[in-house]
2 protein chains.
Amino acid sequence: MNIGTLAKRSGVPAKTIRYYESVDLIESPARSENGYRVYDEEAVRTLSFIRKSRELGFPLEEVRSLLGLWQNKQRSSGEVRALAQSRIQDIDSRINELQRLRDELGHLVHACHGDHRPECPILEALEPHTERTSK
Amino acid sequence: MNIGTLAKRSGVPAKTIRYYESVDLIESPARSENGYRVYDEEAVRTLSFIRKSRELGFPLEEVRSLLGLWQNKQRSSGEVRALAQSRIQDIDSRINELQRLRDELGHLVHACHGDHRPECPILEALEPHTERTSK
DNA sequence: ATAGAGCTTCCAGTCGCTGGAAGGTCAAGG
DNA sequence: CCTTGACCTTCCAGCGACTGGAAGCTCTAT
C-alpha cells in the first residue's frame, strides 16, 4: 500500500502522515525499489487511532502517550483515564473562558445601537479609563 | 517614555510592542539620540485598547479594524457591532465543539474503571473497528 | 570602575500541520 | 514511442501571535 491509499483508508492526509513520521510519532515504513513508502494493515489501524485521538482533541504529545499505552498490553487503564481526565479539565477551562468572553461581548452588542451613528459602547468599553495623569 | 514604561502602563510586554510595530499594527515611534523608542500618552491609550481587544479574543486583524474604527470619528457603530457579532459566532461554534468533545470524553472516562487492569473503554473507542478486510 | 537594568537587532522556536516548488515514477491511451 | 496525468519524493516556507535568547550598546548608581 502506498501513502495515498493509506491516506484514504485512515482519513489522515498524506502530508500529515509524512509529518508524523518526521516527528517520530509513527515508524518509518519500508521503501519499495522506487523509493515509495510501503505500508501494511497495521499502519491503517495506527493512523486511524491517531486520527480519532486528535479528533478528541488530544495534543500530539498526549497522542504519543496514548499510542504507547494502546500498544502496551500490560498497561493499566488508570493511566489512560488520567490522561483523559486532564484533557477534560483543559477543555472545561477553555469553555469557561470562552463563555466569559461570549457573555461580555453579548452585553456589549446588546448595548450598541449598531446603526449609522458613531456612538458605540463597544469601543467605549475597549477604551482605557481616561484619568488625568501628570504629564 | 521608554518602551519599558509603556509596557508597564499599558500591560503589553515590550517584546509584544516591538512585534506590533513590526507588523504595522502601531506606528513606529520617534527615537531618542541613543536609538531608544520614545512614546507619548497616546501610545499608552492605543496599547491599552489593543490589549483589551485581544483579551476579548479579537484576532489581530480584527484589532486592526477596530483600531481604525476607534480612531475614525465618522465611523458607524454598525460596523463595530458587526465585528463583535461575528466574533460571538466564532466563540459559540468553538464552545459547541468543545462541549461535544467534553461530553464524549466524559462518557469514556465514566465507562473506564481506571485501575491497574488493562481493560480500557477509552482505548477501545479510539481503536478502529476491526473488520475482516481482504488481505 | 563596575554591576545591573534597560535598550537595540536579529534569529529561532512554539503547534500541527499545509502549500508549493522541483523533480522522479508509473500506467494508460494515441 | 511519446505524452499526459496521477502518483510519489524531498525540502523550504508560512500560518497566529507571540516568546526566548544571543550579542551588544547605554544609562544609572554605588
Side-chain angles (χ1 to χ4, degrees), chain A residues 1-26 28-40 43 46-67 86-87 90-91 94 97-98 101, chain B residues 1-26 28-40 43 46-47 49-67 83 86-87 90-91 94 97-98 101:
Chain A
M1 187 184 347
N2 286 343
I3 200 168
T5 309
L6 174 60
K8 255 177 220 129
R9 293 193 48 203
S10 66
V12 179
K15 273 249 161 185
T16 306
I17 296 172
R18 287 192 204 98
Y19 169 74
Y20 286 162
E21 183 186 330
S22 82
V23 296
D24 288 320
L25 187 67
I26 58 175
S28 314
R31 299 285 182 133
S32 60
E33 281 183 16
N34 55 24
Y36 289 13
R37 288 169 176 81
V38 181
Y39 297 93
D40 55 16
T46 305
L47 265 299
S48 301
F49 180 94
I50 294 172
R51 181 178 52 75
K52 291 189 191 177
S53 305
R54 294 286 301 128
E55 284 169 5
L56 279 178
F58 287 96
L60 268 206
E61 286 313 302
E62 288 186 24
V63 174
R64 210 185 282 277
S65 308
L66 286 173
L67 267 177
S86 79
R87 269 293 300 149
D90 280 7
I91 292 175
R94 282 165 62 195
E97 174 64 6
L98 285 173
L101 296 181
Chain B
M1 183 183 349
N2 286 344
I3 200 168
T5 309
L6 175 60
K8 256 177 220 126
R9 293 192 48 202
S10 66
V12 178
K15 273 247 158 187
T16 305
I17 296 173
R18 288 192 203 97
Y19 168 74
Y20 286 162
E21 183 186 331
S22 81
V23 297
D24 288 320
L25 187 67
I26 58 176
S28 313
R31 300 284 182 133
S32 61
E33 280 184 18
N34 56 21
Y36 288 14
R37 289 170 178 79
V38 182
Y39 297 94
D40 56 15
T46 303
L47 265 299
F49 179 94
I50 293 173
R51 181 179 51 75
K52 291 189 190 178
S53 305
R54 293 286 301 129
E55 283 170 5
L56 278 178
F58 287 95
L60 268 206
E61 285 314 302
E62 288 185 25
V63 174
R64 209 186 282 277
S65 308
L66 286 172
L67 267 176
L83 270 179
S86 78
R87 269 295 300 149
D90 280 7
I91 292 175
R94 283 165 62 195
E97 174 64 6
L98 285 173
L101 296 181

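Basis for what follows: all heavy atoms, side chains included, without hydrogens, waters or symmetry-related copies. Quick caveat, the model's predicted, so the values are computed rather than measured. Chain letters run A, B, ... following the sequence lines, proteins first, then strands; residues in each count from 1.
- Shortest non-hydrogen contact noted between I3(A) and R18(A) is CD1-CG, 3.6 Å.
- The distance from atom CD1 of I3(B) to atom P of dT19(D) is 13 Å, rounded to the nearest whole Å.
- Atom pair I17(A):CD1 and dT18(C):P shows a separation of 12 Å (rounding to whole Å applied).
- Listed pair T16(A) / dG16(C) fails the phosphate criterion, with no side-chain N or O lying under 4.0 Å from OP1 or OP2.
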If you apply the rule side chain to side chain contact (heavy atoms under 4.5 Å, CB included), what do you find for Y20(A) with T46(A), and how did you get there?
CA-CA 11 Å; Y20(A) 286 162; T46(A) 305; over 6 Å; no

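- In terms of phosphate contacts, Y20(B) brings a side-chain nitrogen or oxygen within less than 4.0 Å of OP1 or OP2 of dC18(D).
- Comparing dC17(C), dA17(D), dC7(C) against the side chain of Y19(A) picks out dC17(C) as the nearest.
- When each of Y39(B) and L60(A) is assigned the nucleotide of DNA chain C bearing its nearest heavy atom, the one mapping closer to the 5' terminus is Y39(B).
- With rounding to whole Å, M1(B) atom CE is found 12 Å from dC7(C) atom P.
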If a protein heavy atom is under 4.0 Å from the base, mark B; if only from the sugar-phosphate, S; if neither, -; do that for nucleotides 22-29 of chain D going 5' to 3'.
----BS--

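- What separates CZ of F58(A) from C1' of dG16(C) is a distance of 17 Å, to the nearest Å.
- More than 12 non-hydrogen atoms from other residues, nucleotides or ligands lie less than 6.0 angstrom from CZ of R54(A).
- Dashed line: the shortest gap from a side-chain N or O of R18(B) to OP1 or OP2 of dC18(D) is not under 4.0 Å.
- Taking both residues in full, the closest heavy atoms of P59(B) and R87(B) are given as CD-CD, 3.9 Å, listed atom of the first, atom of the second, then distance.
- One interatomic measurement links the two molecules: CD of E61(B) to C1' of dC18(D), which rounds to 14 Å at whole-angstrom precision.
- Distance CD (E62(A)) to C1' (dG16(C)): 15 Å, rounded to an integer number of Å.
- Each of L25(A), V12(A), L60(A) was compared with Y19(A) under the side chain to side chain contact (heavy atoms under 4.5 Å, CB included) criterion, and only L60(A) meets it.
- Remark: R64(A) engages E61(A) in a salt bridge, criterion side-chain N to carboxylate O under 4.0 Å.
- Between R37(B) and the phosphate of dT9(C), there is a side-chain N or O to OP1/OP2 separation shorter than 4.0 Å.
- The nearest whole Å value for the distance from the CD atom in E21(A) to the P atom in dT18(C) is 17 Å.
- Distances shorter than 4.0 Å separate none of the side-chain N or O atoms of R31(A) from OP1 or OP2 on dG24(C).
- A donor-acceptor pair is defined here as one N or O able to donate and one able to accept, closer than 3.5 Å; such a pair exists between the side chain of N34(A) and the backbone of Y36(A).
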